[in-house]
Protein chains: 2
Amino acid sequence: MNTDPIKRSLEAGGLRCTPQRYAVMAFLREHEGHPTAAEIFEAVNRRCYSGKDPRSSRATTYNNLRDLVEAGLVREVAVEGRAARFDAKGLRNHHFICDRCGKVEDVEWYDVPRPRSGSLGKRVLRECELIFRGLCAKCAARRSS
Amino acid sequence: MNTDPIKRSLEAGGLRCTPQRYAVMAFLREHEGHPTAAEIFEAVNRRCYSGKDPRSSRATTYNNLRDLVEAGLVREVAVEGRAARFDAKGLRNHHFICDRCGKVEDVEWYDVPRPRSGSLGKRVLRECELIFRGLCAKCAARRSS
DNA sequence: GTGTCAAATTAGACATAATCTAATTTATTG
DNA sequence: CAATAAATTAGATTATGTCTAATTTGACAC
């Protein structure tokens, strides 16, 4: 009986369940932050997520991230900066980006009022995310010291 | 008498007013979209914004974009995708990102209700931007054809 | 358990985006 | 005009991401 949630979500997304994909999903699900592809690549090669030899090539990690994003299982986080960042598509979050250190933190989701009628013209709205900016708790504490 | 707004804004930001910087600011102020650094580099080398030889090296364009962002005169737009995108810090906008074609469009600003008390913990909030996602007018029209 | 086969992986080459470096130029100021 | 720190430069370098052809493999049918 197939009860593993990662395996089920891959299959639901039309993707084969390979050890490399499993490792990426497992890492993103237990990792709190928003890692870059390089961080994900290093992680899946450092620790065994799937019980098998975890080695994965860089191209595979990039390919898999793209496939998982397209399948809706992983989301790329909209942040400034050089490298793309990812998180597993669990609960939706808003994000807080620190002006000083650049850290991206999850903020509990709440629904945002839609823009007033006509504001979006003929666009079709799917989602509305908030990006908060300011100083994270750590940088705010440093500034007032 | 120094009345040029670009020159004044550079000086207010603590930066020397060089022809290369002037050209970047001028381009971003009149450009509606959110160009990449490569597009900015090509533009400032294609057309004379400052009345002088517009040539600028790639490193200079990148250096200047970084300095202008740090000085608060230009903002990097938070979007997914490979290359950073920029706009001049004029009127604040929200953004609409198309799921299909990736285009980033400005949406007229309105203030968003702040998150409920305690939600942000000890962070210091400066700004709250909305990112809308869905289909742009063009892609929405194509889909229903 | 075996065979099939399309999906996926691989390793390294390649492409794109962005940064670094040391020498040189220049904007600003006195 | 001279001084000087800020800025520019050109190309090397690094970081990020993609491509390619050969090989492997997950899932399925039998």
Side-chain angles (χ1 to χ4, degrees), chain A residues 1-2 4 6-25 34-45 49-71 73-74 76-77 79-86 102, chain B residues 2 4 6-25 34-42 44-45 49-71 73-74 76-77 79-86 102:
Chain A
M1 186 192 283
N2 174 12
D4 187 277
I6 291 179
K7 190 167 163 48
R8 281 196 282 107
S9 66
L10 284 165
E11 285 163 0
L15 300 171
R16 290 187 179 187
C17 181
T18 65
Q20 294 86 351
R21 282 184 180 145
Y22 193 99
V24 170
M25 291 291 295
H34 308 85
T36 63
E39 289 163 348
I40 295 164
F41 172 62
E42 282 162 26
V44 303
N45 278 295
Y49 284 81
S50 64
K52 297 174 179 178
D53 180 350
R55 263 189 352 103
S56 173
S57 81
R58 206 158 46 97
T60 296
T61 300
Y62 277 92
N63 286 337
N64 282 336
L65 284 168
R66 190 190 60 239
D67 291 343
L68 293 166
V69 167
E70 280 173 16
L73 302 175
V74 159
E76 183 178 347
V77 182
V79 292
E80 300 95 351
R82 197 148 156 196
R85 292 186 171 273
F86 300 89
Chain B
N2 176 13
D4 187 278
I6 292 180
K7 189 167 161 51
R8 280 196 281 107
S9 68
L10 285 164
E11 286 163 0
L15 300 171
R16 290 187 177 185
C17 180
T18 64
Q20 293 87 349
R21 282 182 179 147
Y22 193 99
V24 169
M25 292 290 295
H34 309 86
T36 64
E39 288 164 346
I40 295 164
F41 171 62
E42 283 163 25
V44 303
N45 277 296
Y49 283 80
S50 64
K52 295 175 177 178
D53 180 350
R55 261 192 351 104
S56 173
S57 81
R58 207 160 37 98
T60 295
T61 300
Y62 276 93
N63 285 339
N64 281 336
L65 284 169
R66 190 190 58 241
D67 290 343
L68 294 166
V69 167
E70 280 175 16
L73 301 174
V74 159
E76 182 178 348
V77 182
V79 292
E80 300 95 350
R82 195 140 163 209
R85 292 189 170 273
F86 300 89

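Sequence lines set the chain letters: A, B, ... in the order given, protein chains first and strands last, and positions in each chain run from 1.
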S.K.: Would you please confirm or rule out a distance under 4.0 Å between OP1 or OP2 of C:dA17 and any side-chain N or O of B:Thr36?
M.R.: no
S.K.: Taking only side-chain N and O atoms of B:Ser56, does any of them lie within less than 4.0 angstrom of OP1 or OP2 on D:dT8?
M.R.: no
S.K.: Roughly how many Å is it from CD in A:Glu42 to P in D:dT16, rounded to a whole number?
M.R.: 9 Å
S.K.: For B:Phe86 and for B:Cys17, find the nucleotide of DNA chain C with the closest heavy atom, then tell me which residue's nucleotide is more 5'.
M.R.: B:Phe86
S.K.: Find out whether A:Thr61 and A:Gln20 are in side-chain contact, i.e. whether some heavy atom of one side chain is under 4.5 Å from a heavy atom of the other.
M.R.: no
S.K.: Counting only distance, no hydrogens or angles, is the base of D:dA10 paired donor-acceptor with the side chain of B:Arg58 under 3.5 Å?
M.R.: no
S.K.: Select base, sugar-phosphate, or nothing to describe what A:Asp67 touches, counting heavy atoms under 4.0 Å on all strands.
M.R.: nothing
S.K.: At 4.0 Å (heavy atoms only), tell me whether B:Ala83 reaches a base, stays on the sugar-phosphate, or touches nothing.
M.R.: sugar-phosphate
S.K.: Would you indicate which nucleotide in D:dG11, C:dA27, D:dA27 comes nearest to any side-chain atom of B:Pro19?
M.R.: C:dA27
S.K.: For the residue pair A:Phe86 and A:Val24, establish whether any side-chain heavy-atom pair is separated by less than 4.5 Å.
M.R.: no
S.K.: Look at the side chain of B:Ala59 and decide which nucleotide, out of C:dA18, C:dC20, C:dT9, has an atom nearest to it.
M.R.: C:dC20
S.K.: Which nucleotide, D:dT8, C:dT10, C:dA6, lies nearest any side-chain atom of B:Arg21?
M.R.: D:dT8
S.K.: Would a 4.5 Å heavy-atom cut-off, applied to side chains only, mark B:His34 and B:Val79 as touching?
M.R.: no
S.K.: Rounded to whole angstrom units, what separation is found between the OH atom of A:Tyr22 and the P atom of C:dA8?
M.R.: 18 Å
S.K.: Look at the side-chain N and O atoms of A:Gln20 and state whether any lies under 4.0 Å from the OP1 or OP2 oxygen of D:dT25.
M.R.: no
S.K.: Round to a whole Å and report the spacing from CD of B:Glu80 to C1' of D:dT16.
M.R.: 17 Å
S.K.: Among side-chain atoms of B:Arg55 and B:Asn45, is any donor-acceptor pair under 3.5 angstrom?
M.R.: no
S.K.: Counting only distance, no hydrogens or angles, is the base of C:dT16 paired donor-acceptor with the side chain of B:Arg82 under 3.5 Å?
M.R.: yes
S.K.: For a 4.5 angstrom cut-off between non-hydrogen side-chain atoms, does A:Glu80 reach B:Val69?
M.R.: no
S.K.: May I have the distance from B:Glu39 (atom CD) to C:dA18 (atom P), rounded to whole angstrom?
M.R.: 11 Å
S.K.: Nearest whole Å is fine: how far is C:dA17 P from B:Leu65 CG?
M.R.: 14 Å
S.K.: Within this structure, what is the CG-to-P distance between A:Leu15 and C:dA6, rounded to whole angstrom?
M.R.: 18 Å
S.K.: If you define the side chain from C-beta out and look only at heavy atoms, does anything of B:Met25 sit under 4.5 Å from B:Leu73?
M.R.: yes
S.K.: Using the closest heavy atom to pick a nucleotide of DNA chain D for each, name whichever of B:Gly14 or A:Arg16 lands nearer the 5' end.
M.R.: B:Gly14
S.K.: At under 4.0 Å, does any side-chain N or O of B:Thr18 touch on OP1 or OP2 of D:dA6?
M.R.: no
S.K.: Please classify the nucleic acid contact of B:Thr60 as base, sugar-phosphate, or nothing, using heavy-atom distances under 4.0 Å.
M.R.: base
S.K.: Measure CZ/B:Arg8 against P/C:dT28 and give the value in whole Å, please.
M.R.: 15 Å
S.K.: Side chain of A:Tyr62, heavy atoms from C-beta onward: which of D:dT9, C:dT10, D:dT18 has the nearest atom to it?
M.R.: D:dT18
S.K.: Measure the distance from CD on A:Glu11 to P on C:dA7 and round it to the nearest whole Å.
M.R.: 16 Å
S.K.: Ignoring backbone atoms, test whether B:Asn64 places a side-chain nitrogen or oxygen under 4.0 Å from the OP1 or OP2 oxygen of D:dT8.
M.R.: yes
S.K.: Of the nucleotides D:dA6, D:dG17, C:dT9, which one has an atom closest to the side chain of A:Ala37?
M.R.: D:dG17
S.K.: Base, sugar-phosphate, or nothing for B:Ala38, non-hydrogen atoms under 4.0 angstrom?
M.R.: nothing
